[in-house]
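Scroll down for the structure; my scribbles are underneath it.
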Protein chains: 2
Amino acid sequence: MSKQHTEKVRVFALGGVGEIGKNMYVVEVNEDIIVIDAGLMFPDDDMLGVDIVIPDVTYLVENAERVRAIILTHGHEDHIGGLSYVLKQVNVPVYGTKLTLGLVEEKLKEAGIHRDTTLRLIDSNSQIKVGETSVSFFRTSHSIPDCVGVCVETALGPVVHTGDFKFDQTPVDGKHAEVGKMAMIGERGVLCLLSDSTNAERPGTTKSEAEVGQGIQDVFARTTGRLIVTAFASNVHRMQQVIQATVQSKRKLAVVGRSMVRVLTIAADLGYLEVPEGLLIEIDEVKRYKPEQVVILTTGSQGEPMSALTRMARGAHRSITLTHEDTVVIAASAIPGNEKSVSAVIDQLHRLGADVVYGNQSVHASGHGSQEELKLMLNLMRPKYFLPIHGEIRMQHAHRSLATSVGIAENDVYIIEKGEVVEFTQNGARLAGKVPSGHVLIDGLGVGDVGNIVLRDRRLLSKDGILVVVVTLNKKQGIIVSGPNVISRGFVYVRESEELLEQANHLVTSILQKCMAEKKHDWAGLKSSVRDGLSRFLFEKTKRRPMILPIMMEV
Amino acid sequence: MSKQHTEKVRVFALGGVGEIGKNMYVVEVNEDIIVIDAGLMFPDDDMLGVDIVIPDVTYLVENAERVRAIILTHGHEDHIGGLSYVLKQVNVPVYGTKLTLGLVEEKLKEAGIHRDTTLRLIDSNSQIKVGETSVSFFRTSHSIPDCVGVCVETALGPVVHTGDFKFDQTPVDGKHAEVGKMAMIGERGVLCLLSDSTNAERPGTTKSEAEVGQGIQDVFARTTGRLIVTAFASNVHRMQQVIQATVQSKRKLAVVGRSMVRVLTIAADLGYLEVPEGLLIEIDEVKRYKPEQVVILTTGSQGEPMSALTRMARGAHRSITLTHEDTVVIAASAIPGNEKSVSAVIDQLHRLGADVVYGNQSVHASGHGSQEELKLMLNLMRPKYFLPIHGEIRMQHAHRSLATSVGIAENDVYIIEKGEVVEFTQNGARLAGKVPSGHVLIDGLGVGDVGNIVLRDRRLLSKDGILVVVVTLNKKQGIIVSGPNVISRGFVYVRESEELLEQANHLVTSILQKCMAEKKHDWAGLKSSVRDGLSRFLFEKTKRRPMILPIMMEV
């Protein structure tokens, strides 16, 4: 019996579909489970108090003996940010390119698991064996160097994962995407393609990073004062171009912000960034130079509250004070959801009188391909089946339309949600149930202990605050020994609402006296009577619904 | 002595500058205080639990005897939404056009002050006397009918307020902006122009509403199933075009959503909307028709959580169930800050399999003029001094650049913040101090009682919840009578954190015993010792900072 006859290939996502962030994809070839990427996601607005979100890897834990490896496509946080947490649950070898592993190593050291992790270096020419399965790679262009797509061999044809990509015809580091190799893979009869849907709604072609370099140089050339540039910390190409423009304008460069310094250091050490001798100065040295001699590269392109640029805009940075003589270049776009915080920083910079270059198409380009590039990838790979990934569902849908427009049958395109398994056999493809999947919320040191109940409570508290009612009862005698005392936080301004809180007090007293007179003595009953009565009263008076916490003690 | 010699004109904003929303501008001509607009603003993300924000009108209350009138430029919420609250503090006559007053009347009835308010009807040809000051009007185009700009006569020249405007060359209702009149005002030597900065960053000209009508008809023409259209409830022109397209495609129209129904009713009653007999059906009748016979016009264009469309997308609308046979047209753009909620609804509609038309340039046009139109207004009015208004500060700055590009001296352009007064006399213009100004937060029935302290507490609560510590002490004997009991909400999932909360208990006990042993008996001291000790402990264990509320009672 041929291998094809019994081959079973399953493909699914544990993160990164129906959402942007926490990418984690799984390709199962018979007994081998291969994981591609292990990212994090930043919390939604309603995930109050949560720091980051990672994929639920219950499935991997339950099938740990079959998980062979985690392959990383590139070093962005939404592809490597969850790795430490995952490795603590499922410790398997991690494959990645030099820059990717360089960035990962630092995370693993911070998490204290560096010594227990096996990191295996690959490049776009590597051919590796993972369990019984052969895997190879191909280079792609993206907004960070050293990105690869992944080609997993199966008896039914290769399963290809593009990683994040665009087709940049003038790449800053001269490393072109391996289009020929992609074509050759496509000629072998790709079983299934998983492709980056991020910009599937955007017509045309994404601008080249080289254009941005020119745009930045133009801004530098016409600026006579000090320059402050903000960009995504991980965009090493952008960093290189800022360095180039700084050299061109005969200035010095100071780099501010922990993540920016970290990426620059690792990238330079590993040879991905050329930093001319003597170019960099410390942030404290900036004041020794004239404004026209300085460029400051800083974090804060998303208006993140604690970032360097945001603090500068608030006048709260200990080394840099922005003035009307400064020009701030926002060489980034607002990630969906961050528009308000970015605008707020821009407004604040305007208030300081600084010149702000933003929204300017010449100083930023996306790292993801637009429609023409996505169609090119589809035509190169010519897959039998297609899974649009790395996007919200509307992006996946848009990507499906692109696929049908280049000749892939609509029925052969699967829009998967997290956990939904597509199974391939000799007989074709089908949806084959679901595996466990979901969000794991990380708050402080807690992993996964903030769930629906805690979030629900935080939302309640955030809307109208809390009212704590404390009372000591002697149930036997049916009397109130002390209290009730009503304490509020986040509900009303106490000094102006004394009368209201007094009335609340009286109400609780009468509710309790009534209950005890009726011999209703069980704690649950007393608490819910107080809660219901107070809730009704407060809503009538204020149209607000604070959380009500009755605390009753017995004496 | 000529009137010009002693004329004093002061202009300032109580809302609408350095922000989008709660527009309220003040023009003082000697003893006359004239208020233009009284809007509301929707709360920022950090104004937790707040319903709406209105301007702080302390200045008007303190000078009530000089306040002559409130003039409304048009009926949008950010121009009339605060009126009821303001009139309760300063009751003066309100001037507005027919549609504007029609929308206002309903709000005043809801607030119960309709009978005490004097509403005075004007149109673009009216010339009124407000105190000693003459005021006239001119028609503008915007995304609601019956909009006017305001021309306030002073001995130093007219002060002109544009209201919100664009220059739509093919207005849906045939009512063109009164360009000739604007030019004539400009020829008289405008002292100061206050102009709408909303789209000052956008090059070119804003699309005409008529193009949108064509776009909507195109979508209707190629749609075979049921149509659901969402748009801003106040955009009567858009409503008319949906009605037109519905008639064209021989369908019936059901209107859903309280604000949509309200505006439609008022606009139709007052003659601003033509609704053919028999076109409208009730939402409950929709099921009696075939899908291709129905258009549903609904609220929810901003993904508002309780709106009809959002409930439909969640499968929670009692009358309408969306399916893959439906086409949803989002004839609106996301107001900055609402991008995520709009995307979330679009994604949800995709999940239901509905066809979604969105971001499509043909089904929406802004109501605000872009750069070429703003420059046209500047050239028509040719003001001596210019105050960019109705925008965030970056929009005001962009508008200033437009002004200088058409020949207004940069020093004659004032970027004002709320409360900053520009004073004009025979000697010129100068900044003349500040009047009280700011946000007044409305939460439920409370006006202004939610301030910084309450918001700060809500933010704290939203991040890491609250820990309530209850203990009864006998201070004389220095012992703990009952407790401590530690109760948490929104902090940790209690069932999984029993050990942590037990440790917290023990810690509080030892802190209290130590304090009492050292005879530290004052309540404040005991509470802060508990608070500090617990806070440190919890942060060390969890890296979280819940609010800590120690409640101590004496026996």
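Chain identifiers are assigned alphabetically (A, B, ...) following the order of the sequence lines, protein sequences preceding nucleic acid strands; residue numbering begins at 1 within each chain.
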Quick one: which of A:Ala344, A:Ser462, A:Ser341, A:Gly49 has the most heavy-atom pairs under 4.5 Å with chain B, could you say?
-> A:Ser462

Per-residue tally against chain A (heavy atom, under 4.5 Å) across B:Thr472, B:Ile415, B:Ile551 peaks at B:Ile551

Quick one: what part of B:Phe539 sits under 4.5 Å from any heavy atom of chain A, side chain, backbone, both or neither?
-> neither

Ignoring hydrogens and angles, tell me if any N or O in the side chain of B:Asp347 forms a donor-acceptor pair with the backbone of A:Arg394 under 3.5 Å.
-> yes

In Å, rounded to the nearest 0.5 Å, how long is the span from OG1 of B:Thr542 to CG of A:Asp449?
-> 8.5 Å

If one checks every heavy atom of A:Met395 against chain B at 4.5 Å, the contacting part turns out to be neither

A:Val492 portion near chain B, given a 4.5 angstrom heavy-atom threshold = both

Please report the closest heavy-atom contact between B:Gly18 and A:Arg351, naming both atoms and the distance.
-> O-NH2, 3.6 Å

Pick from A:Glu554, A:Lys541, A:Lys543, A:Arg544 with the largest number of heavy-atom pairs that fall under 4.5 Å of chain B = A:Arg544

Take A:Lys463 and B:Arg458, measure what side chain to side chain contact (heavy atoms under 4.5 Å, CB included) needs, and give me the verdict at the end.
-> CA-CA 7 Å; A:Lys463 264 199 91 308; B:Arg458 287 182 187 171; over 6 Å; no

Tell me, for A:Leu549 versus chain B, whether the close heavy atoms (under 4.5 Å) come from the side chain, the backbone, both or neither.
-> side chain

Heavy-atom distance under 4.5 Å to chain A: side chain of B:Glu540, backbone, both or neither?
-> backbone

Looking at A:Val468, A:Val50, A:Leu455, A:Val356, which has the largest count of heavy-atom pairs under 4.5 Å with chain B?
-> A:Val468

Residue A:Gln396 versus chain B: region with a heavy atom under 4.5 Å = neither

CZ (A:Arg545) with more than 12 external heavy atoms under 6.0 Å = no

Check whether A:Glu392 gets within reach of chain B through its side chain, its backbone, both or neither, counting any heavy atom under 4.5 Å.
-> both

Look at A:Asp51, A:Val481, A:Val470 and state which one has the largest set of heavy-atom pairs under 4.5 Å with chain B.
-> A:Val470

Between chain A and each of B:Leu461, B:Val454, B:Asn485, B:Asp443, count heavy-atom pairs under 4.5 Å; write down the option with the most.
-> B:Asp443

Given salt bridge (charged side-chain N to carboxylate O under 4.0 Å, His left out), test A:Lys340 with B:Asp44 step by step and report yes or no.
-> CA-CA 9 Å; A:Lys340 276 221 133 173; B:Asp44 275 340; 3.5 Å; yes

For chain B, the option from A:Ser343, A:Ser482, A:Gly451 that forms the most heavy-atom pairs under 4.5 Å | A:Ser343

Once you round to the nearest 0.5 Å, how far does CD of A:Glu201 lie from CD1 of B:Ile346?
-> 7.5 Å

